[in-house]
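We count ligands from 1, going down the list as the structure has it; atoms in each ligand are counted the same way. FYI, the numbering just counts along the sequence from 1.
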Amino acid sequence: MDALTALRLQMEWGADEALADAPLDRLARAAPERELRAPSVAPEARAATQREAPTPEAVAAKPRAPTPAPAVVPMPAQRAQDIAAAANTVAELRAALLAFDGCALKDTATNLVFADGNPDADLMLVGEGPGAEDDRAGKPFVGVSGQFLDRMLASIGLTRADYLITNLIPWRPPGNRNPTDQEVLICLPFLLRHIALVKPKRLVLLGGISAKAVLGGKSGITRMRGKWVDAHIPGLADPVPALPVLHPAYLLRSPGAKREAWADWLLLQRTINAGLG
Ligand code: URA
């Protein structure tokens, strides 16, 4: 099989990212590089040091330059929290995400996928993370599952002018894999800050990953869905009622579950008709 045929075959199998098989631990790579750099003394200087080794008395007598404090680089999740908390507007938060380098997903994504819809709406929807088309467009939920979501919401009279929609993870996980726990930890502070700045009256959490990240707990989405629960968002005095629902991509794979989804959308519609608050 020639190289081009092999490549086409891989693309048909869904390999749309040029990534190594084994995960790359960038921190582990960085350390030896630093260690190699630090002792790099020019050979002449090293020879001179060896020739003229100072006596212990000379070392004790010589005033020492103060040792610089080692740079403490906070863990990415802590850094994410600090950076997100410092954003005072949604525009600042978006700019902070654009500048943030603590999540490796950014390296493989084409675009930051921040939000779409009405930033002043009382209703905020939170998905999991962008797919391939969302990544290309830089907008959440524009792919197949997004179009399906639009149709479900249209059936209860909602368009994107009626809500703001965002994701837990703002960069596409390669190959549409689920985000790792570490990626969720890093991205969650930005989502929580986004919610605190928008101050929606109600939240809809699309799928188990975003529901668990925002609400905590160990239950799966099939147990969580279908009822309003309080989401405690740092920076907001009052909890925000949140409705966990089945993710549209799951519904496309499991059409038998559309019955439950329909019940959840009707609950949302009744709540909106009663005045959301
Ligand atoms: N597209 C998104 O933006 N989010 C999802 O959770 C799924 C598809």
Side-chain angles (χ1 to χ4, degrees), residues 14 16-17 90 93-94 97-98 100 103 105-119 121 123-155 158-195 198 200 202-215 220-222 224-225 231 242-255 257-258 260-261 264-265 268:
D16 58 355
E17 300 289 343
V90 172
L93 186 69
R94 187 175 187 281
L97 267 171
L98 279 170
F100 185 64
C103 182
L105 290 177
K106 189 177 186 178
D107 300 341
T108 48
T110 310
N111 283 303
L112 170 74
V113 175
F114 186 64
D116 192 30
N118 180 353
L123 181 64
M124 187 166 178
L125 273 60
V126 179
E128 290 177 359
E133 287 171 67
D134 315 310
D135 175 54
R136 277 193 289 275
K139 269 190 192 181
F141 286 99
V142 296
V144 179
S145 64
Q147 290 159 24
F148 179 50
L149 176 68
D150 286 349
R151 289 200 296 280
M152 289 191 288
L153 289 167
S155 71
L158 296 180
T159 71
R160 289 205 182 189
D162 300 306
Y163 56 85
L164 180 68
I165 188 162
T166 186
N167 279 311
L168 167 63
I169 307 289
W171 297 283
R172 181 194 179 209
N176 291 349
R177 64 163 170 77
N178 283 343
T180 63
D181 290 349
Q182 174 75 355
E183 288 159 357
V184 169
L185 268 183
I186 293 170
C187 295
L188 183 60
F190 291 102
L191 170 66
L192 295 178
R193 188 69 188 144
H194 198 172
I195 298 172
V198 169
R202 299 266 168 170
L203 284 169
V204 171
L205 305 172
L206 299 154
I209 295 179
S210 46
K212 266 191 219 168
V214 172
L215 299 172
I221 186 66
T222 45
M224 294 169 101
R225 57 148 286 274
L243 181 65
V245 300
L246 298 171
H247 193 281
Y250 170 76
L251 293 173
L252 287 173
R253 290 194 304 271
S254 317
K258 285 182 185 169
E260 279 88 33
D264 297 346
W265 295 128
L268 176 63

Per-atom contacts of ligand 1 with Pro130, taking only distances under 4.0 Å to non-hydrogen atoms: 2 (C), 3 (O)
Contact atoms of ligand 1, heavy-atom distance to Pro140 under 4.0 Å: 3 (O)
Phe141 and Arg160, any side-chain heavy atoms less than 4.5 Å apart: yes
Nearest candidate to atom 7 (C) of ligand 1, where distance is taken over non-hydrogen atoms, out of Gly127, Gly146, Gly143, Gly129: Gly129
Verdict with supporting geometry, Ser155 and Trp265, side-chain contact (heavy atoms from CB on, under 4.5 Å): CA-CA 9 Å; Ser155 71; Trp265 295 128; 5.7 Å; no
Heavy atom of Lys139, distance to ligand 1 below 4.0 Å: no
Closest protein heavy atom to atom 4 (N) of ligand 1, given as residue, atom name and distance to 0.1 Å: Asn167 OD1, 2.8 Å
Atom 1 (N) of ligand 1 [closest protein heavy-atom partner, distance rounded to 0.1 Å]: Asp134 OD2, 2.8 Å
Which segment of Ser145 sits under 4.0 Å of ligand 1 when only heavy atoms are counted: side chain
Test of proximity, Val113 against ligand 1: N or O pairs below 3.5 Å: no
Nearest non-hydrogen partners of Gly129 and Asn167, listed with the distance: N-OD1, 3.5 Å
Option from Val204, Leu191, Leu206 for which side chain to side chain contact (heavy atoms under 4.5 Å, CB included) with Val126 holds: Leu191
Sidechain-backbone polar pair: Lys106 side chain, Phe100 backbone, donor-acceptor under 3.5 Å: yes
Any donor-acceptor pair under 3.5 Å from Asn111 side chain to Arg136 backbone: yes
